[in-house]
Amino acid sequence: MSDVRLRFAPSPTGYLHVGGARTALFNWLLARKQGGKFVLRIEDTDVARSTRESVDAILQGMEWLGLDWDEGPFYQSERFPVYREFVEKLLAEGKAYKCYCTPEELEERREQAMREGRKPKYDGTCRNRTEELPDRPYTVRFKAPHEGVTAFDDLIKGRIAFNNEELDDLIIQRSDGTPTYNFVVVIDDATMGITTVIRGDDHVNNTPRQILLYEALGYPVPRFAHVPMILGADKTRLSKRHGATSVMAYRDMGFLPEAMVNYLVRLGWSHGDQEIFSRDELIEKFSIEAVGKSAGVFNPDKLLWLNHHYIKESAPERLAELLVPFLKERGVDPATGPALPPVVKTLQERSRTLVEMADGALFYYRRDFAYEEEAAARHLVPDAAPLLEALAGKLETLADFSRAGIEALFKEFIAEKGIKLGQVGPAVRVALCGGTASPGIYEVIEALGREETIARLRRAVAFIAG
RNA sequence: GGUCCCAUCGUCUAGUGGUUAGGACACCGGCCUUUCACGUCGGUAACAGGGGUUCAAGUCCCCUUGGGAUCACCA
């Protein structure tokens, strides 16, 4: 147990995307590794863009990935009084001031500054105003120092320094009385006792002004770790046009959460040459310092490979359960055919996703499937009919109806007939599965069961007969 | 444009001054095999460029180039 506290603070304006999920994962991992607390905070100060559905989608994504939180979710929209209090405090202490400049004036000065080649920052018109202007709308600005340097040691990027003259007096409260982002993050992280802030590196430029705020407020400055963003194949920010960006979309495409977690953590982080990590191993081995500094390209192929790996490793019973919705989507009720776990077992090695597995399982549950034309023409030929019929007869009386027993029967059968497996195997395969790509025929027969196997063999015989 | 960040195979990365620059995905070949896969063996493929520092530089420093982030009464 330690007093380390981390947080994930998404704004609920959409689903949980892979970038956010990775940030959440890093936070969660570090919290678990150090025996600290992981708090979840919903940044919904922008009431117009925030939705309940989005909050639910984010929570659902976190749950799917197995990222549980110890405190929260806290909602910023419920903490406005707290923020107001801190604004008043800064105002009273002279660390903030009321600014009466209108958006139009600001915009105009900004443009003029740009034209004259100066920095487009607040000119400080109201900074030293002594009298109040009642009845005029105002924003509250933080009085930032104009000199000196604000620096911090980023856990990922190393030391980063900014000259304070680059910063201007940021607005902490809008004219409608609501607080702004850079202010509430600081108040929240400070009052929630967050010790390490892990977030996307699009926030590094916000960090110095936030540090100044911590100092003005008298709170200790947390440690920062800015994680690089995730890119698409063309090296631009990952977006929908690169494919799915929602983690739940990956579940729907048949990915396992452990594959997603393993993929996400290895994108930007490594531990020697190791590629596969169990959850416990990650908690043990993860370290934020080992996260790389540069942005990384999201590689669907590698995700697929990892998913395939975890599908091969998973218990058939678990996979069977996860597979049901995919089967139903395809109009198959697994209760009407062979038991699912044995079926899954025949498909694990050749399925990279549950979608592929569901497609591969269809033939087990469809009795009147059409044979693939070319396969039927090549293998369901007159010569094969007596062999299939003989096989059906032998199978009827087979005592040991297991994979091994079935294989022994086939060996015996081809020895008797003086043929090779290649002369009857393909026909059996087409008869049973409808096509030429399938699991091994012994496994298929075992999974299908005696009765169904015989029925399919005889159906093929009838098909050959015309 | 200002500020800040980044830079090893196509991609994810190992590498903390001395390596035949390693692994993984993808790709290509061999083997295995009743199909498809799995597996296995092997192969192609990288230090952005230029200056320093050093006996020695992918590793340290500087510059260039290239990418990116950010500059709101959005988060």
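Just so we're on the same page: letters track the sequence lines, and every chain starts at 1.
Checked by atom type, the side-chain pair A:Gln274/A:Lys285 shows a donor-acceptor distance below 3.5 Å. Side-chain contact, A:Thr196 with A:Arg7: no donor N or O sits under 3.5 Å from an acceptor N or O.
Using a 4.0 Å heavy-atom criterion, one finds that A:His226 contacts no nucleic acid atom at all. In this structure, A:Pro208 reaches neither bases nor backbone, as no heavy-atom distance under 4.0 Å exists between it and the strands shown. Backbone-only engagement by A:Gly268 is indicated by non-hydrogen atom pairs under 4.0 Å involving sugar-phosphate atoms exclusively. Counting any heavy atom pair closer than 4.0 Å across all strands shown, A:Ser270 reaches sugar-phosphate atoms only and no base atom. Among the atoms of the strands shown, none is found under 4.0 Å from any heavy atom of A:Ser351. Among the atoms of the strands shown, base atoms are found under 4.0 Å from some heavy atom of A:Leu421. Nucleic acid contact class of A:Lys235 (heavy atoms, under 4.0 Å, all strands): sugar-phosphate only. At a threshold of 4.0 angstrom between heavy atoms, the contacts of A:Asn182 include nucleobase atoms, whether or not backbone atoms are also involved. Counting any heavy atom pair closer than 4.0 Å across all strands shown, A:Ala233 reaches no nucleic acid atom. In this structure, A:Lys420 reaches neither bases nor backbone, as no heavy-atom distance under 4.0 Å exists between it and the strands shown. Backbone-only engagement by A:Ser294 is indicated by non-hydrogen atom pairs under 4.0 Å involving sugar-phosphate atoms exclusively. When heavy atoms are screened at a 4.0 angstrom cut-off, A:Asn163 is found touching no nucleic acid atom at all. Residue contacts shown for A:Tyr442 include a base, since a base heavy atom lies under 4.0 Å away. Note on A:Leu267: only backbone sugar-phosphate atoms sit closer than 4.0 angstrom, heavy atoms only; bases stay farther off.
Between B:C38 and B:C28, the two P atoms lie 13 Å apart (nearest whole Å). On the P atoms, B:U65 is 27 Å away from B:A72, given to the nearest whole Å. Spacing between B:G10 and B:A46 at atom C1', rounded to whole Å, works out to 10 Å. Across B:C9 and B:C27, the matching C1' atoms stand 12 Å from one another, rounded to whole Å. Between the P atoms of B:A14 and B:G23, the separation comes to 15 Å (whole Å). Here, B:A26 and B:C62 have their P atoms 40 Å apart, quoted to the whole Å. Here the separation of B:U13 from B:G1, taken at their C1' atoms, is 35 Å to the nearest Å. Here, B:G2 and B:A45 have their C1' atoms 40 Å apart, quoted to the whole Å.
When distances are taken from the side chain of A:Ile160 to each of B:U13, B:C4, B:C25, the shortest belongs to B:C4. Of the candidates B:C6, B:U35, B:A75, the closest approach to any side-chain atom of A:Asp46 belongs to B:A75. Nearest nucleotide to the A:Glu166 side chain, out of B:C6, B:U3, B:A69: B:U3. Residue A:Val297 has its side chain nearest to B:C12 when only B:C12, B:G2, B:A69 are considered.
Sequence order on RNA chain B of the closest nucleotides to A:Glu349 and A:Arg49 puts A:Glu349 first from the 5' end. Take the nearest nucleotide of RNA chain B for A:Asp201 and for A:Leu303: the residue whose nucleotide is more 5' is A:Leu303.
Atoms CG and CD, on A:Asn262 and A:Glu258 in that order, are 9.0 Å from each other to the nearest 0.5 Å.
At a cut-off of 3.5 angstrom, counting only N and O atoms as typed in the model, there is a donor on one side and an acceptor on the other between the side-chain of A:Ser175 and the base of B:C73. You won't find any donor-acceptor pair under 3.5 Å spanning the side chain of A:Arg350 and the base of B:C38, going by distance alone. With hydrogens and angles ignored, a donor-acceptor pair under 3.5 angstrom links the side chain of A:Glu275 to the base of B:G23.
Both tests do not hold together for A:Arg223 against A:Phe152: distance to the six-membered ring centre under 6.0 Å, angle to the ring axis within 45°. Because its NZ or CZ atom is both nearer than 6.0 Å to the ring centre of A:Tyr122 and within 45° of the ring axis, A:Arg141 counts as a cation-pi partner of that residue. Relative to the ring axis of A:Phe369, A:Arg459 places its NZ or CZ within 45° and under 6.0 Å from the centre.
Base orientation of B:C38: syn (glycosidic angle within 90° of 0).
A straight line from CZ of A:Arg429 to P of B:U35 spans 7 Å, rounded to a whole angstrom. Summarising the geometry, the separation between NE2 on A:His271 and C1' on B:C12 is reported as 17 Å, rounded to the nearest angstrom.
Taking a cutoff of 4.0 Å between a charged side-chain nitrogen and a carboxylate oxygen, A:Lys345 and A:Glu443 do not qualify as a salt bridge. The residues A:Glu275 and A:Lys302 are annotated as salt-bridged, a charged nitrogen and a carboxylate oxygen being separated by less than 4.0 angstrom.
Regarding contacts with the backbone of B:C12, every side-chain N or O of A:Lys302 stays at 4.0 angstrom or more from both OP1 and OP2. At B:C73, none of the side-chain N or O atoms of A:Thr180 fall inside 4.0 Å of OP1 or OP2 (strictly under the cut-off).
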